[in-house]
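Below: one structure, written as structure tokens.
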Protein chains: 2
Amino acid sequence: MPTMADVARRAGVSAKTVSNVLAGYPYIRESTRARVLAAVDELGYELNVTARNFRSGRTGVIGLAVPELGQPYFGELADEILAAARRRDLRVVVDPTGFTREGELAALREPRRRLVDGLIFSPATLVQADADLLDGLGYPLVLLGEQMFSDKVDHVTMHNVDGARAATDLLLDAGRRRIAAIGMLHAPTAGSATLRFRGYREALEARGIAVDDRLLGWADEGWHRGNGARAMAAVLDSGVEVDGVVAFNDALALGAMYELQVRGRSIPQDVGVVGFDDIEDARYSTPALTTVDPGRRDVAEVAVGLLDRRLADVARGVVGGAPVLHVADMRLVERGSTPARP
Amino acid sequence: MPTMADVARRAGVSAKTVSNVLAGYPYIRESTRARVLAAVDELGYELNVTARNFRSGRTGVIGLAVPELGQPYFGELADEILAAARRRDLRVVVDPTGFTREGELAALREPRRRLVDGLIFSPATLVQADADLLDGLGYPLVLLGEQMFSDKVDHVTMHNVDGARAATDLLLDAGRRRIAAIGMLHAPTAGSATLRFRGYREALEARGIAVDDRLLGWADEGWHRGNGARAMAAVLDSGVEVDGVVAFNDALALGAMYELQVRGRSIPQDVGVVGFDDIEDARYSTPALTTVDPGRRDVAEVAVGLLDRRLADVARGVVGGAPVLHVADMRLVERGSTPARP
DNA sequence: GTGAAAGCGCTAACAG
DNA sequence: CTGTTAGCGCTTTCAC
């Protein structure tokens, strides 16, 4: 395998000049550049990125810690983030935390091992008490999710509370009063479950309606379709009356719709259903699913851009400015699974 | 940031001994090991993985090149591969090729830049004529997909042809004769589209039925639900009679089902529908989707294991043995979207 | 079992 | 605009 020194010798320049050419340093005579590139070509030389990373102290790689790619929301989010990173010449290693505390703690350690320069982290199991884990980590961190934990860390958020409140309001406006919440978790995490439940609760309480425990559908096994169906079944089996469903993500909503239809309830006449995330599938269920579009693309672009800026600051020795809080635009997408508003 | 030399000084040993302890070298006195680990702890030392990679010439990272994570099949496959890699202490960078030739060629170059030690590659756009691109790459490569291109490369395959044939046979056995194929691509790639179409064609021809062009639904924009719906609409709009649908993946099948239902066809009475991949969603559509389970977990485990073995061979200077061809078990999962066989 | 010396391939810092 | 010098932090090699 040829090295930079081989290329330099062949081009009749120093190794540093080869380095400059390959790094895109602008002040190089055109003829020199051409000679270097020709030598690179002739030798079939490829830059040893590991050596560069080692010497420069940076890897050009960022970590993306999310629970699970198999969930369409995270898969689609990951695609957006990979695309945004690519536009900035950053690479991404995905760190699926598997909804475990252990997985999330491991992800937070990666940058310290110099495996990645910084981290985009979508927490699902950490709790408020873990806030200090996120301070003074010594590397740039961008948190995805409502601003929690710490106001010293950059956040890019998804309006979890507002979205769930809007979803619930939509059903309330249509006169529904027996609205189930599907996707409850027993663990008191700071993830979307807590926040979306808060939005649901706030919407009910604003109209003087108390939360009825029998209407809460639990999905501790994860926010998959199957668990949505099971949670819906559990609620229905309790014998409680139901005329609306707010599910904490679209997969749960689609599972709940399946269960409702199996039991002969018609949607939206008997039961209105709202999801959250606006995954592609939501458009093609029968009926099409009303859901909250949390501005995924915006989230991805802003999160990567922000991290990139922090990394550049670190490279220039700047001790990053004030933490940023960006809230993506949220939008309720009304489709066939909810009754028209009066 | 403390270095290995700092740890060595503190523990009263040489850097090499620290290195040995951290690398799990077995022949070390227990007391020495304990002293080293204590020093590591006291200093909060973390191994600089970049330096290790640079010196050792390996990264401990493998690449996973797939078209797009937002497609549940690839998202779920990626999760399985990430899990299998983790079990072997390998890390993974995901390289979404975006269904572009350019993206696939870029992915093939990554290992040469020492960004990853080897590659698991699920090609979607390369054609048979590209076969020589895959020979003598100088790093371990495992191809996902029917054995094509080259018999010099390891393959882990998914029975694309057999699966599609079985899916088509199921409908034929039920007496259906006007079976649409949804998911055709104009580009003559070596990806699943070509192979699954081959299975469809073979099944028809085995019964002396000619392929009717009007029954072919094109999805050049990608195998998403929306394109499944559009392709189905195009077939139906042509006025041709349809009593069965073989879709080349589940997302297409679910989109096709949506379109059929919107137009008042009942499934499976009027039209039987079969998908491919057995993604989680397939279980929760109405009706539940009959589909081909291509043995995804098996594919992931075998692919990673194989690559890991090749990497170990490289490390030991072994010039890898004969190429492996592993075919995962395929299984037709019959659900409500197809008529019972007579 | 452990240490000393050498150097992987590149880029930072500066000189010219 | 380009070259020189030095050294990043670790592992390889070999000695003991």
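Letters A, B, ... are given to chains in the order of the sequence lines, protein chains preceding strands, and every chain is numbered from 1.
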Between atom [atom1] in [X] and atom [atom2] in [N], what is the gap in whole Å?
X	N	atom1	atom2	result
Arg9(A)	dG9(C)	CZ	P	12 Å
Asp6(B)	dG9(D)	CG	P	9 Å
Leu47(B)	dT11(D)	CG	C1'	11 Å
Asn20(A)	dG9(C)	CG	P	20 Å
Leu22(A)	dA12(C)	CG	C1'	17 Å
Met4(A)	dT4(D)	CE	C1'	16 Å
Lys16(B)	dT12(D)	NZ	P	6 Å
Asn53(A)	dC10(C)	CG	P	12 Å

On DNA chain C, does the nearest nucleotide to Tyr25(B) precede the nearest nucleotide to Arg55(B) from the 5' side, or the other way round? Give the residue.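 Result of the comparison: Tyr25(B).
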
Between Ala15(B) and Ala15(A), name the one whose nearest nucleotide on DNA chain C is closer to the 5' end.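 With Ala15(B) and Ala15(A) compared, the 5'-side residue is Ala15(B).
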
Below 3.5 Å, does any donor atom in the side chain of Arg52(B) face an acceptor in the base of dG9(D), or the other way round?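 Answer no: no donor N or O sits under 3.5 Å from an acceptor.
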
Asp135(A) atom CG, neighbour heavy-atom count above 12 within 6.0 Å: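 Enclosed: over 12 neighbouring heavy atoms sit under 6.0 Å from CG of Asp135(A).
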
Does Arg297(B) have more than 12 heavy atoms from other residues, nucleotides or ligands lying within 6.0 Å of its CZ?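 No, CZ of Arg297(B) has 12 or fewer neighbouring heavy atoms, counting only those of other groups under 6.0 Å.
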
Nearest of [options] to any side-chain atom of [X]?
X	options	value
Thr17(A)	dT11(D), dG7(D), dG3(D)	dG3(D)
Asn48(A)	dC10(D), dG9(C), dT12(D)	dG9(C)
Ser19(A)	dT11(C), dC1(D), dT2(C)	dT11(C)
Thr3(B)	dC8(D), dG9(D), dT11(D)	dG9(D)

salt_bridge(Glu46(B), Arg109(A)) N-O dist < 4.0 Å: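 Looking at Arg109(A) together with Glu46(B), the answer is no, because their closest N to O distance does not fall below 4.0 Å.
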
Under 4.0 Å, counting only non-hydrogen atoms across every strand here, what does Tyr45(A) touch: a base, just sugar-phosphate, or nothing?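 Counting heavy atoms under 4.0 Å across all strands, the contact made by Tyr45(A) is with sugar-phosphate only.
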
Ignoring hydrogens and geometry beyond distance, is a side-chain donor-acceptor pair present between Asp117(B) and Thr59(B) at under 3.5 Å?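 Present: a donor and an acceptor within the cut-off.
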
Phe54(B) aromatic ring stacked with six-membered ring of dC10(D), 5.5 Å and 30°: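 So Phe54(B) does not count as stacking on the base.
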
Taking only the side-chain nitrogens and oxygens of Ser56(A), find out if one of them lies under 4.0 Å from OP1 or OP2 of dA12(C).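 No, because none of the side-chain N or O atoms of Ser56(A) sits under 4.0 Å from OP1 or OP2 of dA12(C).
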
Phosphate-side-chain proximity, Thr32(B) and dT2(C), N/O vs OP1/OP2 below 4.0 Å: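 Yes, within the criterion.
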
Residue list, salt bridge (Lys or Arg N to Asp or Glu O under 4.0 Å) with Glu30(A), at least two apart or on another chain: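 Listed in chain order: Arg33(A).
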
